[in-house]
Peer 1: 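Right, I'll just put the structure down here and ask away after.
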Amino acid sequence: MNVGILTGGGDCPGLNAVIRAVVRRATENGHTIIGFRDGWKGLMEDQTQMLDVEACRGILIRGGTILGTTRYQPYAFEDGVEACRRTYEQHNLSALIAVGGDGTLAVANRMVKEGFAIVGVPKTIDNDIKGTERTFGFDTAVQTATEAIDRLHSTAESHDRVMVVEVMGRHVGHIAAWAGIAGGASAILVPEEPFDIREICRIITRKHFEGRFATIVVVAEGASPIPGTMDVPEPEYNEFGQIKHGGVAYDVAKELERGTGFETRVTVLGHIQRGGTPTATDRVLSTRFGVAAMDAVIDQDFGAMVALQSDRIVRKRLSDCVGELKVVENDLLRVARVFTS
Ligand code: F6P
């Protein structure tokens, strides 16, 4: 059979490992994999890339996606879904594997209801997809952020400064919580809990007078203050109507410097967290997801999303996993609080 594959949304380390695993599993069963370029855009516009074992050689360790990706959604176009259907039929596809975050998988779920045979693979450095305990890309992002925090520690200590480190996480703070705990942060600000800047100033001042130097504050890009406690600029939006994050660390740093009197510096890690080679953990998870996705196609289990649960790969229904994000668990926030209060 002919099976399509696309990668949508923001890229993340491990996408190529998924593509490679899908191709290998398909090939051993005599199936053909057709890659669609740039997410749903490739399906709408019939932009393809043939994928065979040779084309996938050497990509396991490469970050990004050899298929390219965009945030295009067929439902945003009048003829979008019909255009996808035309391409789907023209290539005589028996199934499509959609690898993406909440946006891509929500589209996949709608299209399943319209008769497309789709299996979903959850990806995002944000680790915010419901139904799976982990998404690939997250481990690499946490590793990168933790290494950055470790480096900032020594320069912060030399100058007795406060370092504010901004990490990705628009709606959830998994990266901030994990990297903050791993890096020994004095404060971790996540979107799940609006922060009180005055309280953070008090904590930093107290820690400082107890002899603690090298204060690291980790802030997720989507974290926000308790309303009325701090000035924040009006948000900007991207072409898809999503808030363009990046920069809250500067607002936090200004307030911290004003409130504590300590010199404060900002590091915004941005897309560095999304680039580069995946960690071994992410390569293995991506590979397991890729094989499992092709297994689901062979079983004709359409509408399924592969997921990690208790270290086993399972299948969930896409409809149960989209539309609501997985937030940081209270247990982890409680652990973080032991070191940040
Ligand atoms: O969805 C993953 C993510 O990396 C978010 O953490 C971040 O807010 C967003 O993508 C950035 O998107 P873009 O690359 O389009 O600026």
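What you are looking at is a predicted structure, and each value in this text was computed from that prediction instead of being measured. Computed over heavy atoms, backbone and side chain alike; hydrogens, waters and symmetry mates excluded. Both counts, for ligands and for their atoms, begin at 1 and track the order of listing.
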Peer 1: Between Q49 and R37 (side chain of the first, backbone of the second, donor and acceptor by atom type, cut-off under 3.5 Å), is there such a pair?
Peer 2: no
Peer 1: Output all residues satisfying side chain to side chain contact (heavy atoms under 4.5 Å, CB included) with R86, sequence neighbours left out; order by chain, then residue number.
Peer 2: D79, E82, A83
Peer 1: Linking Ile, Leu, Val, Met, Phe, Trp and Tyr by side-chain heavy atoms under 4.5 Å, what else ends up with M111?
Peer 2: L6, I34, F36, W40, L43, M50, Y75, V81, Y88, L93, L96, L105, V107, V112, F116, I118, I129, M305, L318, V322
Peer 1: With a 3.5 Å distance limit and no angle check, can you tell me whether T70 reaches the backbone of D38 through a side-chain donor-acceptor pair?
Peer 2: yes
Peer 1: Could you check D46, N2, T32 and say which one makes a side-chain hydrogen bond (donor to acceptor under 3.5 Å, both in side chains) with H91?
Peer 2: D46
Peer 1: Heavy-atom cut-off of under 4.0 Å around ligand 1: list whichever protein residues fall inside it, by chain and number.
Peer 2: R71, I125, D126, M168, G169, R170, E221, H271, R274
Peer 1: Which Ile, Leu, Val, Met, Phe, Trp or Tyr residues join V172 in one cluster when any pair of side-chain heavy atoms under 4.5 Å counts as a link?
Peer 2: L325, V327
